[in-house]
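Below is one structure, written out as structure tokens, with a few remarks after it.
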There are 2 protein chains.
Amino acid sequence: MSSRKTLAHNLRVLRAARGLSQEALADAAKVDRTYISALERQKYSVTIDRLDEIAKELGVETYVLLMKDLPPEALSGDRA
Amino acid sequence: MSSRKTLAHNLRVLRAARGLSQEALADAAKVDRTYISALERQKYSVTIDRLDEIAKELGVETYVLLMKDLPPEALSGDRA
DNA sequence: GTGTGACTTAAAGTCCGTT
DNA sequence: TAACGGACTTTAAGTCACA
């Protein structure tokens, strides 16, 4: 399982869990709307600097975005 | 704490735990010898494709490289 | 609200060296 | 063995128009 694929999946799941559109997340993370779309389609290999920004907006630690099995507290949105 | 900094630290710790030089790890992960050095000095924002390759050679899951507190089994080299 | 192609420019990543 | 620089190539970053 590549990290591109894991990330794509987790972005979709976490975004849905928070009721955010690609556009809403993009705005919050200060990136283009089509960029989030590209990541969810595994278009390229994101850098950890971008991951940090996106993770922050989703309220999770950066490494969580690369976990195959998301911890329940990530889904619920708890930042503990 | 940025992921660059966390990664730099973890690379040094895991490399030492396995007795690998920067060059040996670079060769195994099929990246340039100067690149591992650069990552440990936080010069670049690594992409997740490279992280996957490096993690594989260190015997850990990719996300572990971005954890502030490495799990003990990562240090011991267990791939469980 | 999302997928996609075309495009430009910033940065990742390589390869040569020296200290 | 590792830090570091310079020149180079490849790819991510970022934006747009349109479906």
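FYI, side chains are in, hydrogens and waters are out, and symmetry mates aren't considered; it's all heavy atoms of this structure. Here is how names work: the chains are called A, B, and so on, in the same order as the sequence lines, proteins then strands, and each is numbered from 1.
Here D:dA2 presents its P atom at 11 Å from CD1 of B:I36, a figure rounded to the nearest Å. A:E40 places its CD atom 8 Å from the P atom of C:dT2, with the value rounded to the nearest Å. Look at CG on A:L51: it is 13 Å from C1' on D:dA13, rounded to the nearest Å. Rounded to an integer number of Å, the gap from B:L20 CG to D:dA2 C1' is 15 Å. Between B:L11 atom CG and D:dA3 atom P the separation is 11 Å, expressed in whole Å. Residue B:Q22 contributes atom CD, which lies 14 Å from atom P of C:dT14 at whole-angstrom precision. Taking atom CZ of A:R15 as the reference point, atom P of C:dG1 lies 10 Å away to the nearest angstrom.
Taking only side-chain nitrogens and oxygens, A:R33 never comes nearer than 4.0 Å to OP1 or OP2 of D:dA17. OP1 or OP2 of D:dA3 has at least one side-chain nitrogen or oxygen of B:R12 nearer than 4.0 Å.
Side chain of B:R4 to main chain of A:I48: no donor-acceptor pair is present (N/O by atom type, distance under 3.5 Å, no hydrogens or angles). Between the B:T6 side chain and the B:K68 main chain, no donor and acceptor come within less than 3.5 Å of each other.
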Below 3.5 Å is the cut-off: list the nitrogen or oxygen pairs between protein and nucleotides 10-13 of chain C, distance only.
| unit_1 | atom_1 | unit_2 | atom_2 | d |
| --- | --- | --- | --- | --- |
| C:dA12 | OP1 | B:S45 | N | 3.0 |
| C:dG13 | OP1 | B:T47 | OG1 | 2.4 |
| C:dG13 | OP2 | B:Y35 | OH | 2.1 |
| C:dG13 | OP2 | B:T47 | N | 3.3 |
| C:dG13 | O5' | B:Y35 | OH | 3.3 |
| C:dG13 | N7 | B:Y44 | OH | 3.4 |

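Pairs passing the ring-ring contact (aromatic ring centres under 6.0 Å, His included) check and including a residue from residues 24-44 of chain B, sequence neighbours excluded, read B:Y35-B:Y44. Here ring-ring contact (aromatic ring centres under 6.0 Å, His included) pairs that include residues 52-76 of chain B, with residues two or more places apart or in two chains, number zero.
For the residue pair A:D49 and A:T47, no side-chain donor N or O sits within less than 3.5 Å of a side-chain acceptor on the partner. Counted by atom type alone, B:R33 and B:S37 present zero donor-acceptor pairs between their side chains at under 3.5 Å.
Comparing atom distances between the B:T34 side chain and each of C:dC15, D:dA3, D:dA2 picks out C:dC15 as nearest.
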